[in-house]
Amino acid sequence: MPSTLNIEQLNTNSSPRIIIVGGGIVGAALAFHLSKAKSENHIILIDKSLETLLGSTGHAPGFVGQLNESPVLTRLAKDTVQDYLTIPGGFETVGGLELSSTPPGLEALKRRQKTAHAAGLPAELVTPEVAASLAPDFIESNSIEHCLHFPSDGTANAGVITSYYVNQARARGVDFLEAAVTGFVTKKDNETSKIATIKTASGDINSEGSTVILATGIWTSSLISSDNTPVTQLPIPIVPVAHPYTFTPPRARRADAAYPFVRWLDHHVYARDHGDRDGLGTYDHPPMQVDPTESAIGSWPSSFDQVLSEAASHLKNKSDFLVQGQNKNPEEPYVADKPFNGIFSITPDNLPFAGRVPDVKNLWLAAAIWVTTAAGTAKLLAREILGNGEHSTASEDKALLDALNPARFQGIEAGLLLRQSLSKYNDIYNREA
């Protein structure tokens, strides 16, 4: 999709503006939901590539498991599913399975079933035989003992969803600008500061009278601290990490219903049916902080070959999965059916950053947000930015925004925040916040 305006046109437009930086699923959802409201704001979305999804959206496994140990994330995930279900081809309710073969695992599944029911989500303990019948190429019934089925969970097609949001937003008058944002210039404004200029590789954008929202995922921390003077004095610990994912070779689509998303809790391994191939990912390796460059596909650590080999050993069709990484150089083109290092963001409490940055008057964050909660978080922020609580009570929104407050780590030492973030990686799907 080409740009719908240029920087010169943007700088000569004096109407109130909301500038969204980042065109992945979060930025696109924000543009869509902000554009649905009656407002005088001119909404502009800026991304360095309007044709290709270069961030984490472009390679997300797509599983939307609504239950989380954090009630905040559960609420946002439920809201997200309701949004995705309205998008043609955006969401498939295939369900989710969690498997374990240990007594602690059984207790965890029983607890999660109880928590799910309290949150209004269906969840049923099933036999290994039933679980294997739902995903027979993945699961051998004699290799597991305990299984929990979440029938209302499913898989999201992040590319389809993002395109839908973009097209709908554009039809409602949102403008799009292809430009690589490189940093910001701030100006003192009484007790706070404000973003006065958005610097891009194509020229500077005057943003003094604008609301600026960073939906920049893995690049957020580097963008707000790229100069000698950081944009905010608050710690914003969004840590990009490496993550291995692989596939089977392409195959004919299965004749029956698509498999549920499957997670082996004892081994931190997960698998999904992509339709024309199967996918496999794992968190069973030491967390690895990385420095993303042009895309969210990183170079391939040689240790990931063994990591994937071990992960595949837990699946019935283990021999089908490719485990030898091909992308040694992040500048090489990404081959969609090869193992890859998909970079994503983690935080010290595994919660996103969503809300206004209190010491930068016109800056908002919408970052470290997964596909699982993208639409719910975007709707929440849109209501807050526009002051419209039509679809939620003020107290509900306030509780969510308090939990996601960008200032919540104020006063905590950076090294400790980094260690806390990395410590969350290995139990990402059972996270407590």
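No hydrogens, no waters, no symmetry mates; every other heavy atom, side chains included, goes into these values. Along the sequence shown, residues carry numbers from 1.
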Applying side-chain contact (heavy atoms from CB on, under 4.5 Å), name anything that partners S202, two or more places apart in sequence or on another chain.
-> I7, A179, T200
Over-ring placement of R277 relative to F247, 6.0 Å and 45° cut-offs | yes
Side-chain donor or acceptor of S309 paired with backbone N/O of D305 under 3.5 Å | no
For I19 and I198, what are the C-alpha separation, side-chain angles and deciding distance, and is it a side-chain contact (heavy atoms from CB on, under 4.5 Å)?
-> CA-CA 10 Å; I19 300 176; I198 300 173; 3.9 Å; yes
Between D266 (side chain) and S101 (backbone), is there a donor-acceptor pair under 3.5 Å?
-> yes
Side chain T74, main chain S70, donor-acceptor under 3.5 Å = yes
Quick one: side-chain contact (heavy atoms from CB on, under 4.5 Å) partners of D153, sequence neighbours excluded?
-> F63, Q66, F150
For the pair T373 (side chain) and G376 (backbone), establish whether a donor and an acceptor sit closer than 3.5 Å, ignoring hydrogens and angles.
-> no
To the nearest 0.5 Å, tell me how far K318 NZ sits from H314 NE2.
-> 10.0 Å
Which pairs would a plain distance check flag for residues 20-29, meaning a side-chain donor or acceptor within less than 3.5 Å of a matching protein atom at least two apart in sequence or in another chain?
none

Could you check whether the rings of Y245 and F340 sit parallel, tilted or perpendicular, using 30° and 60° as the cut-offs?
-> tilted
I would like to know whether R112 and E69 meet salt bridge (charged side-chain N to carboxylate O under 4.0 Å, His left out); could you show each step before the answer?
-> CA-CA 8 Å; R112 286 176 62 73; E69 299 297 325; 3.2 Å; yes
Across all chains, not counting sequence neighbours, the side-chain contact (heavy atoms from CB on, under 4.5 Å) partners of A169 are A31, S35, V174, F176
Report the residues that fulfil side-chain contact (heavy atoms from CB on, under 4.5 Å) with R75, sequence neighbours left out, ordered by chain and then residue number.
-> K78, D79, L400
Do any N or O atoms from the side chain of T246 and from the backbone of L280 form a donor-acceptor pair under 3.5 angstrom?
-> no
Enumerate donor-acceptor pairs with a distance under 3.5 Å from any side-chain N or O in residues 114-125 to protein atoms, sequence neighbours excluded.
| from | atom 1 | to | atom 2 | distance (Å) |
| --- | --- | --- | --- | --- |
| T115 | OG1 | R111 | O | 2.9 |
| H117 | NE2 | A123 | O | 2.8 |

side-chain contact (heavy atoms from CB on, under 4.5 Å) evaluation trace for I213 with L363 | CA-CA 6 Å; I213 311 172; L363 178 61; over 6 Å; no
Looking at residues at least two apart in the chain, or sitting in another chain, which of them share a side chain to side chain donor-acceptor pair (under 3.5 Å) with N41?
-> S39
pair L45-D175: side-chain heavy atoms closer than 4.5 Å = no
Between F261 and L97, is a side-chain contact (heavy atoms from CB on, under 4.5 Å) present by the stated rule, with each step listed?
-> CA-CA 6 Å; F261 194 98; L97 280 170; over 6 Å; no
Distance-only criterion, 3.5 Å: show the donor-acceptor pairs between side-chain atoms of residues 408-423 and protein atoms not counting sequence neighbours.
| from | atom 1 | to | atom 2 | distance (Å) |
| --- | --- | --- | --- | --- |
| R408 | NE | D349 | OD2 | 2.8 |
| R408 | NH1 | P352 | O | 3.1 |
| R408 | NH1 | L404 | O | 3.1 |
| R408 | NH1 | N405 | O | 3.2 |
| R408 | NH2 | D349 | OD1 | 3.0 |
| R408 | NH2 | L351 | O | 2.9 |
| R408 | NH2 | P352 | O | 3.0 |
| E413 | OE1 | G415 | N | 3.3 |
| E413 | OE1 | L416 | N | 2.9 |
| E413 | OE2 | G415 | N | 2.7 |
| R419 | NH1 | G415 | O | 3.4 |
| S421 | OG | L417 | O | 2.9 |
| S423 | OG | Q420 | O | 2.7 |

By side chain to side chain donor-acceptor pair (under 3.5 Å), D402 pairs with (sequence neighbours left out) K398
Not counting sequence neighbours, list each pair that qualifies as a side-chain hydrogen bond (donor to acceptor under 3.5 Å, both in side chains) and has a residue in residues 88-97.
-> none
Which pairs count as salt bridge (charged side-chain N to carboxylate O under 4.0 Å, His left out) when at least one residue sits in residues 371-380, sequence neighbours excluded?
-> D83-K379
Does R253 count as lying over the ring of Y259, i.e. NZ or CZ under 6.0 Å from the six-ring centre, within 45 degrees of the axis?
-> no
Parallel, tilted or perpendicular: which describes the rings of H243 and Y425, with under 30° parallel and over 60° perpendicular?
-> perpendicular
Under the salt bridge (charged side-chain N to carboxylate O under 4.0 Å, His left out) test, which residues partner R251, sequence neighbours left out?
-> D273, D278
Kindly indicate whether a cation-pi arrangement holds for K48 with W219, taking the cut-offs as under 6.0 Å to the six-membered ring centre and within 45° of the axis.
-> yes
N426 side chain to Y283 backbone, donor-acceptor under 3.5 Å | yes
Without swapping roles, check the side chain of N362 against the backbone of S210 for a donor-acceptor pair under 3.5 Å.
-> yes
From I44 CD1 over to I18 CD1, what is the distance, rounded to the nearest 0.5 angstrom?
-> 8.5 Å
Report yes or no: does H149 contribute a side-chain atom to a donor-acceptor pair with the main-chain N or O of G95 at less than 3.5 Å?
-> no
